[in-house]
Number of protein chains: 2
Amino acid sequence: MTTTPVADPYSRLCPSRQLLDRIGDKWTVLVMGVLTPGPRRYGDLARAIEGVSQKMLTQTLRHLERDGLVTRTVHATVPVRVDYELTDLGRSLTGPLAVLEAWARDHLGDIETARASYDARG
Amino acid sequence: MTTTPVADPYSRLCPSRQLLDRIGDKWTVLVMGVLTPGPRRYGDLARAIEGVSQKMLTQTLRHLERDGLVTRTVHATVPVRVDYELTDLGRSLTGPLAVLEAWARDHLGDIETARASYDARG
DNA sequence: CAGGATCCGTCTCGATACTG
DNA sequence: CAGTATCGAGACGGATCCTG
C-alpha cells in the first residue's frame, strides 16, 4: 500500500453514511422487518407491507439480494413459488436495526414535540 | 380508547422507518458526526464536511434544529458567529448511530463482495 | 403467482448569485 | 461570516399494462 489517498475525508470515510445509502430508502427496513421471523413468499410480503407497489417490492428485494442480505429461491412448481429469506449477513443487521427502532420508540415523540413547538413559533 | 384504528400496519407503525426518514438523507449523519465531539461554528462544519453546499448544510442544520437534535446559538459579535451543538436528545442518538457505524465497518466489505459477484454473474 | 416494462409526477440535491 | 433565493438536473417512487 504505497499510495492510499484519503480523498473525501467524510463522504467516503463515514460508514454510517454508506450503510444509510443502502437501507435508507422507503421499503428496505420494512421488508427486512417482515423477513426477520423467517422466510416469506413474494405474495406474503406484498400483503404484509401495505402500500408497496409490485415494482418497488421487487426492486427492493433485488437490491437486498444483490447486496447479499437476502436469498431468492424459486420452486419449480405450478404455479411458480418464490421464497425470500434473510442471509446470515442480513440477520446480523437486524440487531443494529432493533437498536434504531428502540431509540425511535423512545424518542420519536420528543422529536414530534420539538417540531411542533418549532413550527408554532417560527 | 374506544376507537384506535391501526391504519397502515407497517408504514405507520415501524419507528425505524420514521427515524430513517429523518436521518437517512445525504448529510444529517455527517453533520451529527462532526458535532459529536462538541460545538462547532458554521464555517467549521462547512470545512469539515467536504463537498457540502451552503444550501444543503444550512438546510440540514435547520432540520436538525427543528427536530430538537441541535441548538443554534447566535453570538452578537462582529462579524457574526453562530455555534451549533447537539442537544441531549441529539447526543442520545449518537449511540445508535455508533452501532450502525460499527456494523458498517465490519460488514460493508461483505456487501461490496456480494454485489461484485452478483454483478459479475448477472 | 411472480414479476418485467413503461410513463410520469415529485422531491432531493447541487450550482450559482446575492445579502445583512 | 453566515446565511438566503432561485433554477434546473436527476433520482425516487407510484400507477398502469403486459407476460411466462
Side-chain angles (χ1 to χ4, degrees), chain A residues 8 10-12 14 17-32 34-35 39-67 70-85 118 122, chain B residues 8 10-12 14 17-32 34-35 39-67 70-85 118 122:
Chain A
D8 307 51
Y10 264 91
S11 32
R12 278 229 172 280
C14 178
R17 187 80 283 289
Q18 293 186 52
L19 177 58
L20 286 170
D21 277 342
R22 297 167 193 274
I23 67 168
D25 58 51
K26 193 166 180 180
W27 302 106
T28 293
V29 295
L30 293 171
V31 170
M32 291 194 62
V34 178
L35 288 178
R40 289 284 182 277
R41 300 182 55 178
Y42 180 88
D44 294 336
L45 291 168
R47 259 170 271 110
I49 306 174
E50 219 156 334
V52 71
S53 63
Q54 298 111 330
K55 176 192 168 181
M56 290 316 297
L57 179 55
T58 300
Q59 186 180 109
T60 302
L61 288 167
R62 289 288 176 281
H63 287 166
L64 285 169
E65 188 194 358
R66 183 163 115 128
D67 290 347
V70 158
T71 57
R72 178 175 181 269
T73 314
V74 182
H75 301 272
T77 58
V78 180
V80 187
R81 166 186 175 149
V82 180
D83 280 352
Y84 290 93
E85 184 174 12
Y118 183 96
Chain B
D8 307 51
Y10 264 91
S11 32
R12 278 228 172 280
C14 179
R17 186 81 282 289
Q18 293 186 52
L19 177 58
L20 286 170
D21 277 341
R22 297 167 192 274
I23 68 168
D25 59 53
K26 194 166 182 179
W27 302 106
T28 294
V29 296
L30 292 171
V31 171
M32 291 193 62
V34 178
L35 288 179
R40 290 284 181 275
R41 300 182 56 175
Y42 181 88
D44 294 335
L45 291 168
R47 260 170 271 110
I49 307 174
E50 219 157 334
V52 70
S53 62
Q54 299 109 329
K55 175 192 168 182
M56 291 315 298
L57 178 55
T58 300
Q59 186 181 107
T60 302
L61 287 168
R62 290 289 177 279
H63 288 165
L64 285 169
E65 188 194 0
R66 182 164 115 129
D67 290 346
V70 158
T71 57
R72 176 174 181 270
T73 313
V74 182
H75 302 273
T77 58
V78 180
V80 187
R81 169 188 174 144
V82 180
D83 279 352
Y84 290 93
E85 183 175 14
Y118 182 95

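Everything numeric in this text was worked out from a predicted model, so none of it was measured. Residue numbers begin at 1 in each chain, while the letters A, B, ... track the order of the sequences.
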> Just how far, in rounded Å, is P of dG4(C) from CG of Leu61(A)?
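Interatomic distance, CG of Leu61(A) to P of dG4(C): 10 Å.
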> When the distance from CD of Gln54(A) to C1' of dA5(C) is rounded to whole Å, what number comes out?
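That distance rounds to 12 Å.
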> With respect to the side chain of Val82(A), which nucleotide from dA2(C), dG3(D), dG4(C) is positioned closest?
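Given the options dA2(C), dG3(D), dG4(C), the side chain of Val82(A) is closest to dA2(C).
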> Is there a side-chain contact between Glu65(A) and Arg62(A), using heavy atoms and a 4.5 Å cut-off?
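Glu65(A) vs Arg62(A): side chains touch.
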> Looking only at non-hydrogen atoms, find the nearest pair between Ala46(A) and Val52(A) and report the distance.
O-CG1, 4.2 Å
> Between Tyr42(A) and dG4(C), is there a side-chain N or O to OP1/OP2 distance below 4.0 Å?
no
> Compare side-chain N and O positions of Arg72(A) against OP1 and OP2 of dA2(C) and report whether any pair is under 4.0 Å apart.
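For dA2(C), neither OP1 nor OP2 has a side-chain N or O of Arg72(A) closer than 4.0 Å.
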> How close or far is atom C1' of dA2(D) from atom NE2 of His75(B), stated in whole angstroms?
13 Å
> Run the numbers on Val74(B) and Asp83(B) for side-chain contact (heavy atoms from CB on, under 4.5 Å), then give the verdict.
CA-CA 7 Å; Val74(B) 182; Asp83(B) 279 352; over 6 Å; no
> Please report the interatomic distance NZ(Lys26(A)) to OG1(Thr60(A)), rounded to the nearest 0.5 Å.
10.5 Å
> Once you round it to whole Å, what is the distance between P of dG3(C) and CZ of Arg40(A)?
16 Å
> Whole angstrom is fine here: how far is it from CG in Leu30(A) over to P in dG13(D)?
12 Å
> Scan nucleotides 7-14 of chain C against the protein and return all N/O pairs shorter than 3.5 Å with their distances rounded to 0.1 Å.
from: dC13(C); atom 1: OP1; to: Lys26(B); atom 2: N; distance (Å): 3.2
from: dC13(C); atom 1: N4; to: Lys55(B); atom 2: NZ; distance (Å): 3.2
from: dG14(C); atom 1: OP1; to: Lys26(B); atom 2: NZ; distance (Å): 2.7
from: dG14(C); atom 1: OP2; to: Trp27(B); atom 2: NE1; distance (Å): 2.9
from: dG14(C); atom 1: O6; to: Lys55(B); atom 2: NZ; distance (Å): 2.1

> Report yes if the side chains of Leu61(A) and Thr58(A) come closer than 4.5 Å at any heavy-atom pair, otherwise no.
no
> Please identify each residue that fulfils side chain to side chain donor-acceptor pair (under 3.5 Å) with Arg66(B), with sequence neighbours left out.
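Per chain and number, Arg66(B) pairs via side chain to side chain donor-acceptor pair (under 3.5 Å) with Asp119(A).
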> Does Arg41(A) have a side-chain nitrogen or oxygen under 4.0 Å from the phosphate oxygens OP1 or OP2 of dA2(C)?
yes
> Give the minimum heavy-atom separation between Arg17(A) and Gly24(B), together with the two atoms involved.
NH2-O, 3.3 Å
> Determine whether the side chains of Tyr84(B) and Arg72(B) contain a donor N or O and an acceptor N or O closer than 3.5 Å.
yes
> When the axes are fitted on five pairs at both termini, how much does the helix from dC1(C)-dG20(D) to dG20(C)-dC1(D) curve, in 10° steps?
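What I find for the helix from dC1(C)-dG20(D) to dG20(C)-dC1(D) is an axis angle of 50°.
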> Counting side-chain heavy atoms from C-beta on, which of dC1(C), dC1(D), dT4(D) comes nearest to Pro79(B)?
dC1(D)
> CG of Asp21(A) to CD of Gln18(A): how many Å apart, nearest 0.5 Å?
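It is 7.5 Å, given to the nearest 0.5 Å.
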> Could you say whether Val80(B) or Arg81(A) is positioned toward the 5' end of DNA chain C, judged by the nucleotide with the nearest heavy atom to each?
Arg81(A)
> What is the distance, rounded to the nearest whole Å, between atom CG of Leu57(A) and atom P of dG4(C)?
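Leu57(A) atom CG is separated from dG4(C) atom P by 11 Å.
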